Amino acid sequence: MLKYGLLLNELEALIKSHPYKEGDKLPSIRTLAEQYGYSKSTVIKAMEELEKRHRIYSVPKSGYYVVKRTMNEELEEPTEIDFAGAAPDSEIFPYLDFQHCINKAIDTYKNDLFVYGTSKGLPSLIQVVHKQLANYQVFTSQNRLFIVSGVQQALSILTSLPFPNQKQTILIEQPSYHLFIEHLTTHQIPVMGIARTAQGIDLQELEVLFRTGDIKFFYTMPRFQNPLGSSYSKEDKIAIVELARKYDVYLVEDDYLADLEQDSKADPLYAYDTTEHVIYLKSYSKIIFPGLRIGIAVIPDALSDAFNRYKRLLDIDSSMLSQGALEIYLKSGMFERHKQHISSSYGQRARLLADTLQRFHDLHPGLFTFTQAKQPCIHTHIVLNPSISVPKLVAKLKSHSVIIEAIDKHFLPHFPKAPILKLNVSNVKDSAIEQGIGTMIECLTAGAKA
C-alpha cells in the first residue's frame, strides 16, 4: 500500500475516533512528516485527499482544521443493535472515491458506455483483475476470466449449463448461502446437503456423496463461510480438491470475503487444483458496497464456451459503467486503501465479538456452544442448548431492541436444522457489541424455554 494511503487511514481514524475534534487544528505538515517518518510531499498528498473527503479544510497561512461533523455523524448510537444485517457498514462506503471513478469512467469510456460490451466483460478490467487475482494465489489466463453481474449470476449460469461430467445433482454445505438455496429449490434443481460445522465437514461422508451421489458440483465457501464464519484448514482444502479430482466432481468456490484474509498462507481451493476442477468466484459487493453488482468467475477451459454462450443469452453484458469505474478504482490504488481501512475496522469488531462470546461462554458453559476461529470473522455463530426456543428468543430480544435471526433459511427444506444463531457485526458499533451480547445472555439465562 502507498505511504500516503497508510497516513490517510491513520489520520482519518483519529478524526473519526475524536482525538482530533471538530474545529481542532491538525499538526503542521512538518510535524506530521517528522512524527510518521514520511516526506512532506507524502503528508501533503494525504491532507489533500482528506480535504477532498470533507474531513478537513485548509486556512491559508494557518493550516488544516477538522470539519464540523454532519448531523448524521452527531447522532447517538442507534436505538437498535442489529446482529442480523449483513450489508457492509454504510459509514465506511467509499462514496467520494467511487463517485470520482464513475465520473472518470464516463470521461474515459464515453462511446463505449453507449453500446453493448462483450459477454466476457470489459477487456481492460479483465487485465487489471487478472493481476489482482494473483494476490489471492489465483493464477490463471485471461481467457478463463469472466466479469459477471454478481456471484449470484455466475451460480445461476453454472447451475443451468451442462457439465463435462454429465452429472445432475448440486451438493451444498448446510447451512449455506440462502439465496442460492432459494434459487435451487425454486427451479427444482436436484440438490443434496452435507453438514458443515465450525470444525469443517466430514470428509468420509463427502467421499461417499462424491462416489454415489451423481454430483455435478459441490458449492462451498472455504473461507469465512456464510453463515458460520469459519474456514477450512489447509489439510481439508487439499483433501477436498483431491476427492473432486478422484471422482470427477467440480468445486464451485465462493471466495466472497477474500479481501478480509489476514493470513498470507491461507490459500483458496483453486491454488491446489491441478486438473481444472475448481471454479473460482469472487465478489466486490461485500468489500465495496452491495449496489456494485460486479463479480469475477474463473472458468475452466472445458466450460468456457458454454458459460460464455449462456451468459450472453442472459444479459448480453454486465454494466459497462460499473466495470469502467471498478477498473479505475482498482488501478488507482483506492481499492487497496479502502481494503486496508475496512479490514482494520471489521477486524477490530470481529475480535471484540469473538472475545465477548468466549467470555460469556466461559461464564455459562452449558448455555451455548461457541468455537473461537483462528481468524475471527465479521460474522460468527453460536449453537444453542436444544431446550431453547429460537423463535421465542428472537422475539424476546427484539423487545429489548436487539435484532438477531435464526438461520432456517440457510438450510435446504428437507435438511435437519440445527439451533444456530448467526451474529453479524458489520453494522454494530464497537461500543454496542458487548451490550447486545450481554442482553442476549440475560435473555438466555432468564428462560426462553420451549
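Computed from a prediction, not measured in an experiment: that's the story for all the values here.
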Q. Does CD belonging to E182 count more than 12 external heavy atoms closer than 6.0 Å?
A. no
Q) If we only count heavy atoms from C-beta on, is the I296 to L281 side-chain gap below 4.5 Å? A) no
Q) Would you say T185's side chain and I181's backbone share a donor-acceptor pair under 3.5 angstrom? A) yes
Q | Residues Q358, D362; criterion side-chain contact (heavy atoms from CB on, under 4.5 Å); working and verdict | A | CA-CA 6 Å; Q358 187 66 59; D362 293 343; 3.1 Å; yes
**Q.** Sole residue of I201, I172, T169 in side-chain contact (heavy atoms from CB on, under 4.5 Å) with F218
**A.** I201
Q: Measure across H379 and P227 and return the closest heavy-atom pair with its distance rounded to 0.1 Å.
A: CD2-O, 3.4 Å
Q. Hey, is K246 close enough to E207 for a salt bridge, meaning N to O under 4.0 Å?
A. yes
Q.
Can you see whether S124 engages E327 through a side-chain donor-acceptor pair at a distance of less than 3.5 angstrom?
A. yes
Q) Minimum heavy-atom separation for A258 to R223, with atom names? A) CA-NE, 3.9 Å
Q) Which atoms form the tightest heavy-atom contact between F411 and A418, and what is the distance? A) CZ-N, 3.8 Å
Q: Report, as yes or no, whether the 6.0 Å neighbourhood of atom CD on Q168 holds more than 12 heavy atoms from other residues, nucleotides or ligands.
A: no
Q.
Test your reading of the model: is there a side-chain donor-acceptor pair from T186 to the backbone of H183, 3.5 Å cut-off?
A. no
Q) Is a side-chain donor-acceptor pair under 3.5 Å present for D263 with Q375? A) no
**Q.** Side-chain H-bond candidate by donor/acceptor type, Y136 with E261, under 3.5 Å
**A.** no
Q: Answer whether the closest heavy-atom distance between the side chains of I279 and P300 falls below 4.5 Å.
A: yes
Q | Atom pair NZ/CG of K311 and L314 - distance to nearest 0.5 Å | A | 8.0 Å
Q. CZ of F307 to OG of S160: how many Å apart, nearest 0.5 Å?
A. 10.5 Å
Q. Should F368 and H361 count as side-chain neighbours, where that means a heavy-atom distance under 4.5 Å?
A. yes
**Q.** Side chain to side chain, D248 and H277, heavy atoms closer than 4.5 Å
**A.** yes
Q | Backbone of Q225 reached by a side-chain donor or acceptor of R196 within 3.5 Å | A | no
**Q.** Close side-chain approach of Y256 and S285, heavy atoms under 4.5 Å
**A.** no
Q | Side-chain heavy-atom pair E205, I194 within 4.5 angstrom cut-off | A | yes
Q) Do N424 and S426 get their side chains close enough for a donor-acceptor pair, meaning under 3.5 Å? A) yes
Q. Can you tell me how far OG1 of T445 sits from CG of L367, rounded to the nearest 0.5 angstrom?
A. 6.5 Å
(Q) Can you confirm whether L171 sits close enough to L206 that some side-chain heavy atom of one is under 4.5 Å from a side-chain heavy atom of the other? (A) yes
Q) After noting the C-alpha distance and the side-chain angles of T159 and H187, does the key distance pass the side-chain contact (heavy atoms from CB on, under 4.5 Å) rule? A) CA-CA 10 Å; T159 301; H187 293 278; over 6 Å; no
Q) Does F146 have K120 sitting over its ring (NZ/CZ under 6.0 Å from centre, angle to axis within 45°)? A) yes
Q | Evaluation steps, side-chain hydrogen bond (donor to acceptor under 3.5 Å, both in side chains), between N143 and S141 | A | CA-CA 5 Å; N143 292 335; S141 69; 4.6 Å; no
Q | Verdict with reasoning, Y284 to V129, per side-chain contact (heavy atoms from CB on, under 4.5 Å) | A | CA-CA 11 Å; Y284 290 97; V129 168; 3.9 Å; yes
Q. Within a reach of under 6.0 Å around CD of Q372, are more than 12 heavy atoms found that belong to other residues, nucleotides or ligands?
A. yes
**Q.** Closest contact, heavy atoms only, F83 versus I433
**A.** CZ-O, 3.9 Å
Q: Run the numbers on Y219 and F180 for ring pair (Phe, Tyr, Trp, His ring centres under 6.0 Å), then give the verdict.
A: CA-CA 10 Å; Y219 171 71; F180 187 41; 4.9 Å; yes
Q) Roughly how far, to the nearest 0.5 Å, is CG of N427 from CG of D82? A) 6.5 Å
(Q) Could you check whether R144 pairs with E276 (Lys NZ or Arg NE/NH1/NH2 to Asp/Glu carboxylate O, under 4.0 Å)? (A) yes
Q) Is any NZ, NE, NH1 or NH2 atom of the basic residue among R359 and E434 found under 4.0 Å from an Asp or Glu carboxylate oxygen of the other? A) yes
Q.
Looking at Q435, is its backbone amide N or carbonyl O close enough to the side chain of T439 to form a donor-acceptor pair, meaning the two atoms are under 3.5 Å apart?
A. yes
Q: Could you tell me whether the side chain of S231 and the main chain of F224 form a donor-acceptor pair under 3.5 Å?
A: yes
Q: State, to 0.1 Å, how close A244 and F210 come at their nearest heavy-atom pair, and which atoms those are.
A: N-CE2, 3.8 Å
Q) Taking NZ, NE, NH1 and NH2 as the nitrogens, is one of them in K282 or D254 under 4.0 Å from a carboxylate oxygen of the other? A) no
Q) Would N226 and K422 count as having a side-chain donor-acceptor pair, cut-off 3.5 Å? A) yes
(Q) Rounded to the nearest 0.5 Å, what separates atom CG in L357 from atom OG1 in T369? (A) 12.0 Å
**Q.** CA sep, side-chain torsions, deciding dist, call: T140, Y270, side-chain contact (heavy atoms from CB on, under 4.5 Å)
**A.** CA-CA 10 Å; T140 186; Y270 192 91; 3.4 Å; yes
Q. Is the backbone N or O of K216 less than 3.5 Å from a side-chain atom of N165, with the two atoms forming a donor-acceptor pair by type?
A. yes
Q) Do K398 and V402 come within less than 4.5 Å of each other through their side chains, counting heavy atoms only? A) no
Q. What distance separates D273 CG from E242 CD, expressed to the nearest 0.5 Å?
A. 10.5 Å
Q.
Quick check against the 3.5 Å criterion: does E253 have a side-chain atom that pairs as donor or acceptor with the backbone of L269?
A. yes
Q) Minimum heavy-atom separation for E405 to L421, with atom names? A) O-CD2, 3.8 Å
Q) Under 3.5 Å, side chain of S345 to main-chain N/O of H341, donor-acceptor pair present? A) no
Q) Counting only heavy atoms not in K417, do more than 12 fall under 6.0 Å of its NZ? A) yes
Q.
Does K167, at its NZ atom, have more than 12 non-hydrogen atoms belonging to other residues, nucleotides or ligands within less than 6.0 Å?
A. yes
Q | H410 side chain vs D408 backbone, donor-acceptor pair below 3.5 Å | A | no
